[in-house]
Protein chains: 2
Amino acid sequence: MSEESAKISRATLSDVCRHTGLSTATVSRVINQTGNVKAATVKKVMDAIAQLGYVPNHAARALAGQRNKMIGVVFPEISTGFWAEILKGLDAEADDHQYHILTAFSHGGQDERELALRLLGEGRIDALVVMNLRLGKDFMQQAGRFNIPVILIDRPIAGLETASVTLDNVTGACQAMTHLYEHGYEQVVILAGDLETYDARQRLMGCKKAAKAAKVAWDDRLVVASSFTEEGGSRAIDTWFKQSVKPPRAIFCFNDNIAIGAMNALEKRGFAVPDDVAVIGFDDIDSARHLKLTTVHVPVLEMGRAAANAAIQVISNQAFNKQQVLPTQLVLRRSCGCLVEAEQKVCAG
Amino acid sequence: MSEESAKISRATLSDVCRHTGLSTATVSRVINQTGNVKAATVKKVMDAIAQLGYVPNHAARALAGQRNKMIGVVFPEISTGFWAEILKGLDAEADDHQYHILTAFSHGGQDERELALRLLGEGRIDALVVMNLRLGKDFMQQAGRFNIPVILIDRPIAGLETASVTLDNVTGACQAMTHLYEHGYEQVVILAGDLETYDARQRLMGCKKAAKAAKVAWDDRLVVASSFTEEGGSRAIDTWFKQSVKPPRAIFCFNDNIAIGAMNALEKRGFAVPDDVAVIGFDDIDSARHLKLTTVHVPVLEMGRAAANAAIQVISNQAFNKQQVLPTQLVLRRSCGCLVEAEQKVCAG
DNA sequence: TTGTAAGCGTTATCAT
DNA sequence: ATGATAACGCTTACAA
């Protein structure tokens, strides 16, 4: 209950001053390496700091200096492994620059717009990274009010010149389709996930591009929408078999979860991957490797790093690539029929 | 380069005062709901706040009020999916109490002791959650200096009465082994991961307990150490085959990665799971489900929630369960030979 | 090269 | 029920 807390109060700047006989200004200069301090003085201060175990108080710094050394990150509730890796990248990059990451997930039923806006208002972050799925132009405008840079991961917002880190969805999809065409499969069924999403639309463009290049006639009936889940994948396959007894010869799924669901459904019906059906996914989640699924690799960690880096650059007024597009890579495994063994090969994009 | 930033400075407390003609004290009272304010005044203030779009400045609050509404989390560099889920739990619980999570991963080559200590010193967190793998008693003592509660995830520290959220490793391992014994396999090989770790040692205790209960003679030679990785698992299998042409009839791995590596190695040698070898893992990562691996489920999200909850309780001086131990569950899938199909069953622990 | 002192935006203790 | 005002620990002109 009531613990006698022996308040060993932390050392403060003035403690260091007292200890060294110097002024706050000088000590502050040493700490922030603002130059114009005698080497001997620096040493004296450093020694005192070490001796007292002094660590600058963050709140005071933020209040006085208007900088938090903190980047906020708002994520929607999405597949675990994916954002975990992004976050890792964000944190790694932030850490390299002595920044911290403040997470804010929109857990079920919460509005991520409100979440983001509150975070911006509290003034505890210097920049905001948003994994933007539902947020639009109006949000960006509201956010602009706070004068805090916002970096978008995943897709830019049409008609707005916002900083963003995105994926080359078009080329990624094109690589996958081209690969299947090169296998000789002319009829490729596309399990396209949610066609309302930016990703799906971009990837579809990539597919069409590939078809054109391969001189394959485009057939809209081969595009099957679903949710971006395993269940979506298996349902899509079920739907297919309502109008055909034979499975498609090749399938390209707009994410790995769909692919996994589809493969399960196919196997349940006695069809083998890749012998009866070739399958390619998108994302390259952990399970893709385990299931030997050929897929389009997404450099998730790098997206995180790039986003944090962009944030830090804006904060410090440095020039940077405002609209960054990261490349994908086709990773060849067993499911497309290329490799019989577990080995994998990377097709540079 | 130089953007003309039209500094729309945020509204402050004094702006609200000016707008209402009230003092900072009164406005503060309204904001913090400290009572003793006329209803009419409250309304006046609320209106002004809404009108000005006022959001309390965090740094100032922290500085003046000594509370950050923030929980720091230090993680070592470990398998992605695992901590992602923990973090999700942490954030969910924190969010429920209007707290935020500040992440700090020890990226390669960084000392998490130092990381944690710095975080504690900066005074920007009200509590620290540590996924503690290498940290010991001395760390806890140093941390104690800062007078900030520390919650340990994953293992308690011997000889110290620290708040911790841990797993019932003993029962978990016991469940798995018992299940294999019930299958009739008397010789169960144990791929035990890194025996220096707390987890491995606890799980080994569980195994011995199961053996005793099943009246199976314990044989230390069946315990094979390795790293907690896929490679560790496949190497362990390779080692086995140096002294035997036949595979073990049953294997219990101390995590899923080891199990996956082991299964791969077995299949490469032409042995089938579960027909030739029964395999059980530990953790229940995503891939375990996909690979139909029977495994001991770890309630990762709940661990995160419990940790954040413990943190918040300590902060607010509420009584709580200091040493929390979460239960595991054996999840039956195909790899142990129980279920031929993809179905899974949960064995309550 | 170093020191002085005025904030930064709150909270909280006194008065009133 | 409300108002002054002193912290909180630091940064940063401006002086010296």
Side-chain angles (χ1 to χ4, degrees), chain A residues 7-46 48-49 52-70 98 120-126 146-147, chain B residues 7 9-46 48-49 52-70 120-126 146-147:
Chain A
K7 283 249 171 189
I8 302 173
S9 60
R10 293 185 241 320
T12 70
L13 231 206
S14 18
D15 290 330
V16 180
C17 293
R18 215 166 299 136
H19 205 86
T20 55
L22 292 160
S23 73
T24 60
T26 303
V27 174
S28 181
R29 278 182 200 110
V30 173
I31 290 164
N32 297 298
Q33 313 190 45
T34 331
N36 287 342
V37 192
K38 246 199 311 194
T41 312
V42 172
K43 184 171 171 10
K44 210 189 327 182
V45 173
M46 294 307 243
I49 287 177
L52 297 168
Y54 167 76
V55 181
N57 176 287
H58 168 71
R61 279 188 133 170
L63 188 55
Q66 341 253 35
R67 94 198 117 79
N68 290 281
K69 287 281 181 181
M70 186 116 89
Q98 329 263 52
L120 286 168
E122 285 175 340
R124 66 168 114 197
I125 56 175
D126 300 325
F146 292 102
N147 216 335
Chain B
K7 285 249 169 189
S9 60
R10 291 184 244 317
T12 69
L13 232 206
S14 19
D15 289 332
V16 180
C17 293
R18 214 166 300 138
H19 206 86
T20 55
L22 292 160
S23 72
T24 59
T26 304
V27 175
S28 181
R29 277 182 200 110
V30 173
I31 290 165
N32 298 297
Q33 312 190 49
T34 331
N36 288 341
V37 192
K38 249 200 309 196
T41 311
V42 172
K43 186 173 168 8
K44 212 194 317 185
V45 173
M46 293 308 245
I49 287 178
L52 297 168
Y54 166 77
V55 181
N57 176 288
H58 167 71
R61 279 189 134 167
L63 187 56
Q66 343 253 35
R67 94 197 119 79
N68 291 281
K69 286 282 181 181
M70 185 115 87
L120 286 168
E122 285 175 341
R124 64 168 116 198
I125 55 175
D126 300 325
F146 293 102
N147 216 337

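These numbers come from the heavy atoms of this one structure, side chains and all, not from hydrogens, waters or symmetry mates. Just so it is clear: chains get the letters A, B, ... in the order the sequence lines come, proteins before strands, and each one is counted from 1.
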With a non-hydrogen cut-off below 4.0 angstrom, is A:L22 in contact with a base, only sugar-phosphate, or nothing? sugar-phosphate
On the nucleotide D:dG3, are OP1 or OP2 found under 4.0 Å from the side-chain N or O atoms that B:S23 carries? yes
So, B:D126 side chain and B:N68 main chain: donor-acceptor pair closer than 3.5 Å or not? yes
Under 4.0 Å, counting only non-hydrogen atoms across every strand here, what does A:N36 touch: a base, just sugar-phosphate, or nothing? base
Please report the closest heavy-atom contact between A:A11 and A:L52, naming both atoms and the distance. CB-O, 3.8 Å
Within this structure, what is the CZ-to-C1' distance between A:R61 and C:dG9, rounded to whole angstrom? 19 Å
Starting at CG of A:L13 and ending at C1' of D:dT12, how long is that distance when rounded to a whole Å? 13 Å
Just the rounded figure in Å: distance from P of C:dA12 to CD1 of B:I31. 12 Å
Under 4.0 Å, heavy atoms only, any strand: does A:S28 hit a base, just the sugar-phosphate, or nothing? base
Of the candidate nucleotides D:dG9, D:dT2, C:dT2, which contains the atom at the shortest distance from the side chain of B:V37? D:dT2
Could a donor-acceptor pair under 3.5 angstrom be found where the side chain of B:T24 meets the base of D:dT5? yes
Could you check how far CD of B:E122 sits from P of D:dC10, rounded to whole Å? 12 Å
Using the closest heavy atom to pick a nucleotide of DNA chain C for each, name whichever of B:L63 or B:A25 lands nearer the 5' end. B:L63
Rounded to the nearest Å, what distance is computed from the NE2 atom of residue A:H58 to the C1' atom of nucleotide D:dT11? 14 Å
note: A:R18, atom CZ; D:dG9, atom P; distance rounded to Å ~ 11 Å
For A:V45 and A:T20, the nearest pair of non-hydrogen atoms, with its separation, is CA-CG2, 4.2 Å
Interatomic distance where NZ belongs to B:K43 and C1' belongs to D:dA1 [whole Å]: 19 Å
I need the minimum non-hydrogen distance between A:T12 and A:Y54, along with the two atoms involved. C-CE1, 3.4 Å
Of the non-hydrogen atoms in A:V55 and B:G121, which two are nearest, and what is the gap between them? CG1-C, 3.6 Å
Figure out the CG/P separation between A:L52 and D:dG9, and round it to whole Å. 14 Å
On DNA chain D, nearest-nucleotide positions of B:A60 versus A:R29: which is more 5'? B:A60
Should B:T41 be listed as having a side-chain N or O under 4.0 Å from OP1 or OP2 of D:dT2? yes
